[in-house]
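Quick note: numbers below take in every heavy atom, side chains included, and nothing from hydrogens, waters or symmetry partners.
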Amino acid sequence: QVQLVESGGGLVQAGGSLRLSCAASGRTLSGYGMGWFRQAPGKEREFVAGISRSGASTDYINSVKGRFTISRDNAKNTMYLQMNSLKPEDTAVYYCAASLVLGSHTILTRTTNYPFWGQGTQVTVSS
């Protein structure tokens, strides 16, 4: 089993930055593809960014491309999401997720692909 804990959320003004972290325990993350998802009130949980198990491949939804950067440090068993130029529409609870993958460049984008989830961290962007 993998336990995931997010941190780094908070309240920020539009245009500001936050860095989310996802720390894992229970297993080394080197065999896991990972992703960040978010859920705003009244909306479904959506994929934000994903990263392959090596970190060599990444993917983003269009609305965050050029503003968000996903990365990982397998030695520290931690994944990150650097969020710049934040907008009010980025307000949501952000979740990290992990899943064992076979391919070294595999990126999973569906919530149903991921069996392991963190508890979420709130990000609020004021206008």
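- Summarising the geometry of Lys65 relative to Tyr60, their closest heavy-atom pair is CE-O, 3.3 Å, with the distance given to 0.1 Å.
- Looking at Ile70 and Asp59, their side chains never come closer than 4.5 Å, going by heavy atoms from C-beta outward.
- When all heavy atoms of Arg38 and Asp90 are compared, the pair lying nearest together is NH1-OD1, 3.0 Å.
- Asp73 and Tyr80 make their closest contact through CB-CE1, 4.2 Å (heavy atoms, listed as atom of the first residue, atom of the second, distance).
- The list of disulfide (SG to SG under 2.5 Å) pairs with a residue in residues 55-127, not counting sequence neighbours, reads Cys22-Cys96.
- Shown here for Asn84 and Ser17, the closest heavy-atom pair between the two residues is OD1-OG, 2.9 Å.
- Separating the OG1 atom in Thr106 from the CZ atom in Arg53 is a distance of 7.5 Å, to the nearest 0.5 Å.
- Considering all non-hydrogen atoms of both residues, Gln1 and Arg27 come closest at O-CG, 3.5 Å.
- The minimum heavy-atom distance linking Ala14 with Ser127 is given by the pair CB-CA, 4.4 Å.
- Separation of atoms CE (Met79) and CZ (Arg72) is listed at 7.5 Å; rounding is to 0.5 Å.
- Expressed to the nearest 0.5 Å, how far OG of Ser126 lies from CG of Leu11 amounts to 5.0 Å.
- Every ring-ring contact (aromatic ring centres under 6.0 Å, His included) that Phe47 has, sequence neighbours left out, goes to Phe37.
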Inset, instruction - Kindly determine whether Leu108 and Val101 satisfy side-chain contact (heavy atoms from CB on, under 4.5 Å), including the steps that lead there. - result: CA-CA 9 Å; Leu108 304 173; Val101 293; 3.7 Å; yes
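- With sequence neighbours excluded, no residue forms a ring-ring contact (aromatic ring centres under 6.0 Å, His included) with Tyr95.
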